[in-house]
Participant: 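Let me give you the structure first, and then I'll get to my questions.
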Amino acid sequence: MKREQLHAPKGVSEYVPPRSASFEWIRDHLIAPAKAAGYQLMELPVFEDTNLFSRGVGESTDVVSKEMYTFEDRGGRSITLRPEGTAGVMRAVIEHSLDRGQLPVKVFYSGAFFRAERPQAGRYRQFYQVGVESIGLDDPAIDAEIIALADTAFKNIGLKKYRLEITSLGDAQSRAAHKVDLVKFLKSLDLDEATQSRAEINPLRLFDDKREEVRSKMAAAPLLMDYLSAASRENFAQVCSYLDALGITYTLNPRMVRGLDYYTGTTFEFIHDDLGAQSGIGGGGRYDGLMETLGGADLSGIGFGLGVDRILLAAEAEGVLLENQFASDLFIIPLGQIAKERALSLAQDLRQDGFKVEIAFGDRALKGAMKAADKSGSAFAVVLGETELSSGSIELKRMKDGELSSVKISELGKALSAHA
RNA sequence: GUGGGCGUAGCUCAGCUGGUAGAGCACUCGGUUGUGGUCCGAGAUGUCGCGGGUUCGAGCCCCGUCGCUCACCCCA
């Protein structure tokens, strides 16, 4: 009986060798700067109570209103696969009273997120994000540090063709004042039905409409930037001057819109130029009311989410991933049973010393095994047979030029570091 | 959710106005005895996405369906 070929669900991103090594490398580099700055891991569930997102992210967002994977579990509870990370982090911070300790609470996370969207280049139904959050203190210096964490990660990866856009969404009064004028302005516009209803849900959304006819109409729209209260303005100026001091280049984009409702104050986005329509590789901002909304103390926080899938795409587009970055140091080719036994323990010893060591398995002809060593990209190869076992010395072959050097088997480790 | 493009070996693709499949790369083995990358030879691999229709006959035509892809929307 023939079985149907099984496929991964539509639109998920998955990584298998050899590309999985690049994925892992990118993800680790995204996390590293946060770790170096004292941020600690949050390992949270991928599914949560649906209310967490409808309350936290906002009912008016597309993410909540039409992109969530929501289902009922066996106990009749409404469960949702996490579409973003911040809400879950806040829930956990409140639940474990982390905010009762020293502030800010500094955490990072890494994992899969889910959104039921139509897949496209750089947009997946299951995707990966690395996020960082600093909760409990409203200090412009933290805003700058958070932004710098992402920027440093991109620089360390070797990305060049990305840019940072920032703006301030101000405080509640700033936004309220602006909204009145914006709504008035939008009413004067002749918009199609779909756009009109979008405007009703969240008038700010019209600022990032890509259609030319909408963009030209929006050119004269009142900007939130111009409605900032004195305090908000001062706060944002501080953030900018810290960024200047850090040597981080950015452009002000007063028309920037984020898709999650909880953002306030400093808000930013990293955009990559080689990516097509889904060009945002990361974004975030401050969220003043989120924690209180979720039943916690009235504390402010700031954080970001970085799209690992998209950043991998960007790194590949820029060609910054080195080909043999992940290859082994040594490839051992044993000849015969006894040699195989010795190869196993030799490999184990060398691995203990920190070398990446592979063994040629399955009795292939020497030529074939050598070919496998070549394909593996390993820096060195050795053939371990009767001669070597009895003499105790072995020919260490440097693969890039074929140069052979005779070394004692017991000193292979030394030789590897010396010849590298 | 809306619209465009595409679905032929693991990958990239070719396949003339319909006559039941090919190339390159990759893979395996070999070119005499224990050393890869070049070269030469041999070999393995496809329900031509799936279902139906037209036809003596369909990978090529028609319908449907699924999938992939790009854009809108949305966002990481």
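As a basis for the values below, the full set of heavy atoms in this structure was taken, side chains included, without hydrogen atoms, waters or symmetry mates. Below, chain A is the first sequence line, B the second, and so on; all start at residue 1.
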Participant: Using a 5.5 Å cut-off between ring centres and planes within 30 degrees, is A/Phe127 stacked on the base of B/A76?
Facilitator: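 Here A/Phe127 meets both the 5.5 Å and the 30° conditions.
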
Participant: Mind checking the P distance from B/U47 to B/A21? Whole angstroms is fine.
Facilitator: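 Straight-line distance between the two P atoms is 14 Å.
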
Participant: Between A/Lys367 (NZ) and B/G41 (C1'), how many Å, whole number?
Facilitator: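 After rounding, the gap between these two atoms is 11 Å.
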
Participant: Surrounding CD of A/Glu14 (heavy atoms of other residues, nucleotides or ligands, distance under 6.0 Å), is the total greater than 12?
Facilitator: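 Counting neighbours around CD of A/Glu14, 12 or fewer heavy atoms of other residues, nucleotides or ligands fall under 6.0 Å, so no.
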
Participant: Just checking A/Glu269: base, sugar-phosphate only, or nothing, at a heavy-atom cut-off of under 4.0 Å?
Facilitator: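 No contact.
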
Participant: Have a look at A/Thr387 and say if it touches a base, only the backbone sugar-phosphate, or nothing, with a 4.0 Å heavy-atom cut-off.
Facilitator: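 Contact class for A/Thr387: base.
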
Participant: Check every atom of B/G36, B/C73, B/G34 against the side chain of A/Val383 and return the nucleotide holding the closest atom.
Facilitator: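 Comparing B/G36, B/C73, B/G34 against the side chain of A/Val383, the answer is B/G34.
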
Participant: Rounding to the closest angstrom, what is the interatomic distance between B/U12 and B/C50 at atom C1'?
Facilitator: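 Nearest-Å result for B/U12 against B/C50 at atom C1': 24 Å.
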
Participant: Please report, rounded to the nearest Å, how far the C1' atom of B/A76 is from the CD atom of A/Glu84.
Facilitator: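 A/Glu84 atom CD is separated from B/A76 atom C1' by 11 Å.
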
Participant: Do A/Arg82 and A/Phe113 meet the cation-pi criteria used here (NZ or CZ under 6.0 Å from the six-membered ring centre, within 45° of the axis)?
Facilitator: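 Output yes; distance and angle both within limits.
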
Participant: B/A71, B/U35, B/U28: which one has an atom nearest the side-chain heavy atoms of A/Arg364?
Facilitator: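 Given the options B/A71, B/U35, B/U28, the side chain of A/Arg364 is closest to B/U28.
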
Participant: Quick one: is B/G1 close enough that its OP1 or OP2 comes under 4.0 Å of any side-chain N or O from A/Lys66?
Facilitator: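 A/Lys66 to B/G1 OP1/OP2: no side-chain N or O under 4.0 Å.
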
Participant: When you compare the side chains of A/Tyr263 and A/Asp288, does any donor N or O come within less than 3.5 Å of an acceptor on the partner?
Facilitator: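 No, no side-chain donor-acceptor contact under 3.5 Å.
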
Participant: In terms of side-chain heavy atoms of A/Ala121, which of B/C70, B/C73, B/G30 is nearest?
Facilitator: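 Output: B/C70.
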
Participant: Could you go through the side-chain hydrogen bond (donor to acceptor under 3.5 Å, both in side chains) check for A/Tyr250 and A/Asp151 one step at a time?
Facilitator: CA-CA 10 Å; A/Tyr250 55 87; A/Asp151 188 65; over 6 Å; no

Participant: Without decimals, in angstroms, what is the distance between A/Leu404 CG and B/U35 C1'?
Facilitator: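 Rounded to the whole Å, the gap is 8 Å.
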
Participant: So what does A/Gly122 touch, heavy atoms closer than 4.0 Å: a base, only the sugar-phosphate, or nothing?
Facilitator: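 Base contact.
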
Participant: Roughly, in whole Å, what's the span from CD in A/Glu386 to C1' in B/U33?
Facilitator: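 So the CD-C1' distance, A/Glu386 to B/U33, works out to 14 Å.
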
Participant: Checking base pairs now: Watson-Crick or wobble, both atom distances under 3.5 Å. What partners B/C25?
Facilitator: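 Pair assignment: B/C25 / B/G10.
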
Participant: In whole angstrom, give me the gap between the P atoms of B/A14 and B/C60.
Facilitator: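 One P to the other, the span is 16 Å.
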
Participant: Determine whether any donor atom in the side chain of A/Arg123 lies under 3.5 Å from an acceptor atom in the base of B/C73, or the reverse, and answer yes or no.
Facilitator: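 Answer yes: a donor N or O sits under 3.5 Å from an acceptor.
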
Participant: If the C1' atom of B/C56 is compared with that of B/U2, how far apart are they to the nearest Å?
Facilitator: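 Nearest-Å result for B/C56 against B/U2 at atom C1': 44 Å.
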
Participant: Expressed in angstrom and rounded to an integer, what is the separation of A/Lys375 atom NZ from B/C25 atom C1'?
Facilitator: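 So the NZ-C1' distance, A/Lys375 to B/C25, works out to 11 Å.
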
Participant: Round to a whole Å and report the spacing from CD of A/Glu67 to C1' of B/U2.
Facilitator: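 That distance rounds to 15 Å.
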
Participant: Are more than 12 heavy atoms from other residues, nucleotides or ligands located less than 6.0 Å from atom CD1 of A/Ile338?
Facilitator: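 At most 12 heavy atoms, drawn from other residues, nucleotides or ligands, come within 6.0 Å of this atom.
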
Participant: Between A/Tyr262 (OH) and B/C75 (P), how many Å, whole number?
Facilitator: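 Spelled out: OH on A/Tyr262 to P on B/C75 is 11 Å.
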
Participant: Please give the distance between the P atoms of B/A23 and B/G15 as a whole number of Å.
Facilitator: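 It works out to 15 Å between them.
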
Participant: Please work out if A/Gln129 contacts a base, only the sugar-phosphate, or nothing of the nucleic acid, heavy-atom cut-off 4.0 Å.
Facilitator: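 Contact class for A/Gln129: sugar-phosphate only.
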
Participant: Rounded to whole angstrom, note down the P distance from B/C61 over to B/U45.
Facilitator: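 My reading of the P atoms in B/C61 and B/U45 gives 29 Å.
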
Participant: Look at all strands and tell whether A/Tyr124 reaches a base, only sugar-phosphate, or nothing, counting heavy atoms closer than 4.0 Å.
Facilitator: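 Here A/Tyr124 touches the bases of the nucleic acid.
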
Participant: Taking only the C1' atom of each, what is the distance from B/G22 to B/C29 in whole angstrom?
Facilitator: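 That atom pair is separated by 23 Å.
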
Participant: Please state whether the rings of A/His29 and A/Trp25 are parallel, tilted or perpendicular, taking 30° and 60° as the class boundaries.
Facilitator: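 Tilted, since the angle between the ring planes falls between 30° and 60°.
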
Participant: When we call it a touch if two heavy atoms are under 4.0 Å apart, what does A/Lys371 touch: a base, just sugar-phosphate, or nothing?
Facilitator: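 Touches sugar-phosphate only.
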
Participant: Please work out whether the ring planes of A/Phe154 and A/Phe270 are parallel, tilted or perpendicular, with thresholds of 30° and 60°.
Facilitator: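 It falls in the perpendicular class, over 60°.
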
Participant: Figure out the CG/P separation between A/Asp374 and B/G37, and round it to whole Å.
Facilitator: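 Rounded to whole Å, this separation is 7 Å.
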
Participant: Just call it for A/Ile311: base, sugar-phosphate, or nothing, with non-hydrogen atoms closer than 4.0 Å on any strand.
Facilitator: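 Nothing, no heavy atom under 4.0 Å.
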
Participant: Just to confirm, is there a sub-4.0 Å distance from OP1 or OP2 of B/A71 to any side-chain nitrogen or oxygen of A/Arg118?
Facilitator: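 Negative; the distance criterion is not met.
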
Participant: Can you figure out which of B/U35, B/A76, B/C73 approaches the side chain of A/Arg211 most closely?
Facilitator: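 Out of B/U35, B/A76, B/C73, the nucleotide with an atom closest to A/Arg211's side chain is B/C73.
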
Participant: Once you apply a heavy-atom cut-off of 4.0 Å, does A/Gly368 come out as touching a base, just sugar-phosphate, or nothing?
Facilitator: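 Here A/Gly368 touches no strand at all.
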
Participant: Return no unless some side-chain N or O of A/Gln120 is found under 4.0 Å from OP1 or OP2 of B/C70.
Facilitator: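 A/Gln120 to B/C70 OP1/OP2: no side-chain N or O under 4.0 Å.
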
Participant: What verdict does the salt bridge (Lys or Arg N to Asp or Glu O under 4.0 Å) test give for A/Asp401 and A/Arg398, after you've listed the backbone C-alpha separation in whole Å, the side-chain angles of each residue and the deciding distance to 0.1 Å?
Facilitator: CA-CA 6 Å; A/Asp401 55 10; A/Arg398 187 161 62 191; 2.9 Å; yes

Participant: Looking at the side chain of A/Arg258, which of B/C72, B/A76, B/C75 is the nearest nucleotide?
Facilitator: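 Ranking B/C72, B/A76, B/C75 by closest atom to the A/Arg258 side chain puts B/A76 first.
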
Participant: Pick the C1' atom in B/U8 and in B/G3, then give their distance to the nearest Å.
Facilitator: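 Those two atoms are separated by 27 Å.
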
Participant: Choose from B/C29, B/G36, B/G34 the nucleotide whose nearest atom is closest to any side-chain atom of A/Leu335.
Facilitator: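 Of B/C29, B/G36, B/G34, B/G34 is nearest to the side chain of A/Leu335.
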
Participant: Can you tell me whether the side chain of A/Arg310 and the base of B/C75 have a donor-acceptor pair closer than 3.5 Å?
Facilitator: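 Side chain to base: pair found, below 3.5 Å.
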
Participant: Of the candidate nucleotides B/U35, B/G67, B/C75, which contains the atom at the shortest distance from the side chain of A/Lys10?
Facilitator: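 Closest nucleotide among those given: B/G67.
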
Participant: Would you mind pulling out the nucleotide paired to B/U2, Watson-Crick or G-U wobble, both distances under 3.5 Å?
Facilitator: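 Paired with B/U2, as far as the under-3.5 Å criterion goes, is B/A71.
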
Participant: Answer with base, sugar-phosphate or nothing: what part of the nucleic acid does A/Gly11 contact at a heavy-atom distance below 4.0 Å?
Facilitator: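 The answer is sugar-phosphate, as A/Gly11 gets under 4.0 Å only of primed atoms, P, OP1 or OP2.
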
